[in-house]
Amino acid sequence: MGRTSKDKRDVYYRLAKENGWRARSAFKLLQLDEEFQLFQGVTRAVDLCAAPGSWSQVLSQKIGGQGSGHVVAVDLQAMAPLPGVLQIQGDITQLSTAKEIIQHFEGCPADLVVCDGAPDVTGLHDVDEYMQAQLLLAALNIATHVLKPGGCFVAKIFRGRDVTLIYSQLRVFFSSVLCAKPRSSRNSSIEAFAVCKGYDPPEGFLPDLTKPLLDHSYDPDFNQLDGPTRIIVPFVTCGDLSAYDSDRSYPLDEACALKKKGQLAKEICPQDCPMSTVDLLPQ
Ligand code: SAM
């Protein structure tokens with residue numbers, strides 16, 4: 001069968017198949033970790049909006065949680081089981097799901113909360129950005145209940161019109177906030193990742209699930225922050241510059257040359273991944 005679209009079968013898609021990752025998104029988390037050492041000292045992590053599970057795979061492999069249940073993964077959709085990953089099927093914007101996650105961490109806070117959540121895109125940019133912001137804030141709300149002081153929070157953001165408001169809200173809770181764009185995230189996408197380190201809520205802050213951080217009285221003018229309230233966070237690209245460019249097509253001769261040098265793909269075990277090495281070459 002011919003390829004259906006450039007997007008679905010770019011080099012990261014192929015590498016993900018080859019390496020047994022459930023989605024190409026795995027490379028985003030791996031490249032974020034390369035830049036920010038997200039997994040250093042981490043033994044307990046929460047993966048919000050986790051399906052089909054490539055970030056959970058990365059987490060369970062990198063933090064040595066295999067078999068000991070140190071990763072909690074949550075998604076609306078059911079996910080095939082993964083060793084060392086406790087799964088919760090639910091909506092992260094719902095109180096009941098948040099409570100279920102928090103319950104799991106009672107007495108033992110998490111070191112890291114990640115969220116790669118994305119709403120079903122409508123194509124209406126304002127709506128999509130608003131929905132994405134709501135997901136991020138729901139994730140932040142859960143993080144305020146389960147993260148240990150000093151912990152780390154990483155979440156997908158859309159760099160839209162109101163992104164400075166989100167940065168400002170994140171800065172209330174974390175000593176360092178920046179915006180990162182892994183090489184494997186397409187340049188054509190407004191997607192990026194907020195990398196928030198040093199969880200440090202304001203004195204007297206009490207996590208409260210009943211108060212959404214972005215409520216229905218949302219006023220667009222309120223989001224145009226000026227002066228000291230307008231926080232400009234650093235923008236960082238990550239992933240080795242020699243890494244594959246997710247927006248590029250690799251011509252067949254170049255791919256063959258890379259393949260000969262062993263730089264395109266490693267041989268794979270057929271039972272792990274049914275895709276043949278020929279399939280790894282651009283068509
Ligand atoms: N990080 C995942 C991986 O590596 O396999 C990919 C995540 S995918 C881009 C986005 C996920 O967000 C979808 O599986 C979707 O079901 C989930 N999602 C969207 N809204 C959600 C919500 N309100 N609660 C839980 N999951 C949600």
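Both ligands and their constituent atoms are indexed starting at 1 by order of listing.
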Heavy-atom contact under 4.0 Å between Arg22 and ligand 1?
no
Does Ala138 come within less than 4.0 angstrom of ligand 1, counting non-hydrogen atoms of the residue?
no
Measure the acute angle between the ring planes of Phe173 and Phe205, then classify it against the limits of 30° and 60° as parallel, tilted or perpendicular.
perpendicular
Keeping [X] on the side-chain end and [Y] on the backbone end, is there a donor-acceptor pair under 3.5 Å?
X      : Y      : value
Arg44  : Cys108 : yes
His145 : Asn141 : yes
Lys181 : Ile190 : no
Asp47  : Ser56  : yes
Trp55  : Ser25  : yes
Asp111 : Thr43  : yes
Arg159 : Cys179 : no

Going by the order shown, which atoms of ligand 1 are within less than 4.0 Å of some heavy atom of [X]?
X      : value
Ser25  : 4 (O)
Asp116 : 1 (N), 2 (C), 6 (C), 7 (C), 9 (C), 10 (C)
Pro52  : 5 (O)
Gly90  : 24 (N), 25 (C)
Ala50  : 2 (C), 3 (C), 5 (O)
Gly53  : 3 (C), 5 (O)

For [atom], closest protein heavy-atom neighbour:
atom                    : value
atom 4 (O) of ligand 1  : Ser54 OG, 2.4 Å
atom 19 (C) of ligand 1 : Ala118 O, 3.2 Å
atom 11 (C) of ligand 1 : Asp75 OD2, 3.5 Å
atom 24 (N) of ligand 1 : Ile92 N, 2.9 Å
atom 7 (C) of ligand 1  : Ala51 O, 3.1 Å
atom 12 (O) of ligand 1 : Cys49 CB, 3.3 Å
atom 21 (C) of ligand 1 : Leu76 CD1, 3.5 Å
atom 23 (N) of ligand 1 : Asp91 OD1, 2.7 Å

Applying a 4.0 Å heavy-atom criterion (strictly less than), which segment of Leu29 is in contact with ligand 1: side chain, backbone, both, or neither?
neither
Using a 4.0 Å heavy-atom threshold (strictly under), name the region of Ser56 that reaches ligand 1: side chain, backbone, both or neither.
neither
Show every side-chain hydrogen bond (donor to acceptor under 3.5 Å, both in side chains) that has at least one partner inside residues 72-90, sequence neighbours left out.
none
Is the closest basic N to carboxylate O distance between Asp10 and Arg24 below 4.0 Å?
yes
According to side chain to side chain donor-acceptor pair (under 3.5 Å), who are the partners of Gln31, at least two apart in sequence or on a separate chain?
Tyr12, Ser184
